[in-house]
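Read through the structure below, which is laid out as structure tokens, and then see the notes.
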Amino acid sequence: MLRSNRSSCSASVLPGGCPCGEPASRRGRHRACTRSHGETLSMATLGFIGSGNLGAKIARLATAAGIDVVLSNSRGPESLAQTVAELGERARAATPTEAAEAGDWVVISVPLAAHRQFPAAALAGKTVLDTINYYPSWRDGYIDVLDSGKITTTELVQEHLADANLVKSFSTISDQHILTLARPAGSHERSAVPIAGNSLRAKASAVELIGRLGYDTVDVGPLTESWRFEPETLASAVPYFADPDAYKAAVAKVAEALRAGRSPMDENFEDLGAPLPADRLRILLDETPRVLTADRVMP
């Protein structure tokens with residue numbers, strides 16, 4: 001059963017407990033939640049492994065919500081000086097291991113091909129938001145267990161990060177919409193993003209964070225169900241666009257560019273986005289067929 005959360009507080013996910021899943025008697029006493037009800041998340045830190053377009057924009061939402069951010073990438077902290085300056089005093093740059101160690105949550109936003117380079121030891125026990133999508137033809141290379149549908153992308157990442165608590169999230173919404181579609185809790189224009197994960201505690205903690213960043217959530221269940229919002233399923237990308245038909249045409253042009261040997265980044269498409277409420281997202285997730293790599297317009 002798909003479950004949605006429309007509030008910035010996720011306590012309803014686990015009745016009688018803290019948003020991270022601990023019993024009510026321990027509210028505010030442990031690092032996994034970082035706040036008591038009625039308090040702010042001002043002491044919390046969000047780490048980033050990968051700080052490109054998507055990561056940097058999620059970081060902007062986080063700093064606006066009073067959350068400190070620690071950014072990292074494969075090129076070193078010095079390469080992030082401009083991004084840190086733009087984000088302000090709540091931001092700093094570090095190595096991926098340092099960002100993982102610093103984060104109360106950690107966002108991973110890098111190509112799937114790099115997933116074995118993630119600092120597994122530093123991520124042990126952490127709630128890790130996995131934004132990764134699999135694009136084999138032009139970026140990640142083909143992986144049999146994904147192409148066949150034997151496992152999902154996040155299950156593959158979870159195999160490497162065996163001691164981390166992965167929550168698939170922010171993988172369906174384009175980086176150009178992260179900022180434009182964020183809304184405060186209670187707004188009639190509030191959008192939702194799907195999540196999946198094997199840990200109820202980690203999902204509750206992720207819901208709390210995502211709510212503060214400006215989005216509701218719809219929980220599809222464990223990671224085995226995360227195929228419901230992998231690329232080109234009904235809930236992926238298209239429903240967040242103000243002009244879905246123009247976006248589909250742009251995707252077709254990108255696919256054509258790939259076949260012609262040109263970079264997909266050569267094709268640009270601008271769109272301010274359209275709100276996708278939780279009720280509508282839930283229907284799309286329920287109704288979508290599974291889309292394997294061979295079935296995609298742009299594998």
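Numbering of residues begins at 1 and proceeds along the displayed sequence. Hydrogens, waters and symmetry mates are skipped; everything else that's a heavy atom, side chains included, is used.
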Does Thr63 reach the main-chain N or O of Arg60 with its side chain, forming a donor-acceptor pair under 3.5 Å?
yes
With no hydrogens and no angle check, just 3.5 Å: does a side-chain donor-acceptor pair link Trp227 and Thr233?
no
Where do Arg296 and Glu232 land on the salt bridge (Lys or Arg N to Asp or Glu O under 4.0 Å) test, with the steps shown first?
CA-CA 7 Å; Arg296 294 190 201 169; Glu232 298 188 28; 5.3 Å; no
Residue Asp144 excluded, over 12 heavy atoms near CG under 6.0 Å
no
Straight-line distance of Phe241 CZ to Glu270 CD, nearest 0.5 Å:
11.0 Å
Determine whether more than 12 heavy atoms belonging to other residues, nucleotides or ligands lie under 6.0 Å from atom CD of Glu189.
yes
Under 3.5 Å donor-acceptor, Gln158 side chain and Thr153 backbone:
no
In short, Ser72 meets Ala94 closest at the heavy-atom pair CB-O, 3.3 Å
As a quick check of understanding, evaluate side chain to side chain donor-acceptor pair (under 3.5 Å) for Asp271 and Tyr240, giving each step before the final call.
CA-CA 9 Å; Asp271 183 281; Tyr240 296 97; over 6 Å; no
Within the 4.5 Å heavy-atom criterion, are Ile143 and Leu156 side-chain neighbours or not?
yes
Take Thr95 and Glu98 through the test side chain to side chain donor-acceptor pair (under 3.5 Å) and record every step on the way to the result.
CA-CA 5 Å; Thr95 67; Glu98 291 167 341; 3.3 Å; yes
Has Thr45 got a side-chain atom pairing as donor or acceptor with Gly103's backbone, closer than 3.5 angstrom?
no
For the side chain of Lys168 and the backbone of Glu155, is there at least one donor-acceptor N/O pair under 3.5 Å apart?
no
Counting N and O atoms only, with roles assigned by atom type, does the side chain of Arg228 sit under 3.5 Å from a partner on the main chain of Leu285, one being a donor and the other an acceptor?
yes
Arg183 side-chain N/O to Gly214 backbone N/O, donor-acceptor pair under 3.5 Å:
no
Looking only at atom types and distance, does a side-chain atom of Asn198 sit under 3.5 Å from a main-chain N or O of Leu223, one as donor and one as acceptor?
yes
Shared hydrophobic cluster for Phe48 and Leu209 (ILVMFWY, side-chain gaps under 4.5 Å)
yes
Nearest heavy-atom approach of Ile210 to Ile195 is CD1-CG2, 3.9 Å
Closest non-hydrogen atoms of Ser236 and Pro231, given as atom of the first, atom of the second and distance, are OG-CA, 3.7 Å
Scan Asn165, Ile49, Leu166 and name whichever one has a side chain to side chain contact (heavy atoms under 4.5 Å, CB included) with Leu123.
Ile49
Could you go through residues 109-119 and list every donor-acceptor pair under 3.5 Å that involves a side-chain atom there, pairing it with any protein atom two or more places apart or in another chain?
residue: Ser109; atom: OG; partner: Thr131; partner atom: OG1; Å: 3.3
residue: His115; atom: ND1; partner: Leu112; partner atom: O; Å: 2.9

Nearest 0.5 Å please: distance from the CD1 atom of Ile108 over to the NZ atom of Lys126.
14.0 Å
Measure across Ala235 and Thr172 and return the closest heavy-atom pair with its distance rounded to 0.1 Å.
O-CB, 3.6 Å
Short side-chain to backbone donor-acceptor contact, Asn73 and Gly76, under 3.5 Å:
yes
Measuring from atom CG of Leu284 to atom CG of Leu234, what distance do you get when rounded to the nearest 0.5 angstrom?
6.0 Å
Donor-acceptor contact present, side-chain Asp104 to main-chain Ala44, <3.5 Å
no
With rounding to the nearest 0.5 Å, note down the distance linking CG in Asp245 to NZ in Lys248.
6.0 Å
Side-chain donor/acceptor of Thr180 to backbone N/O of Leu272, under 3.5 Å
yes
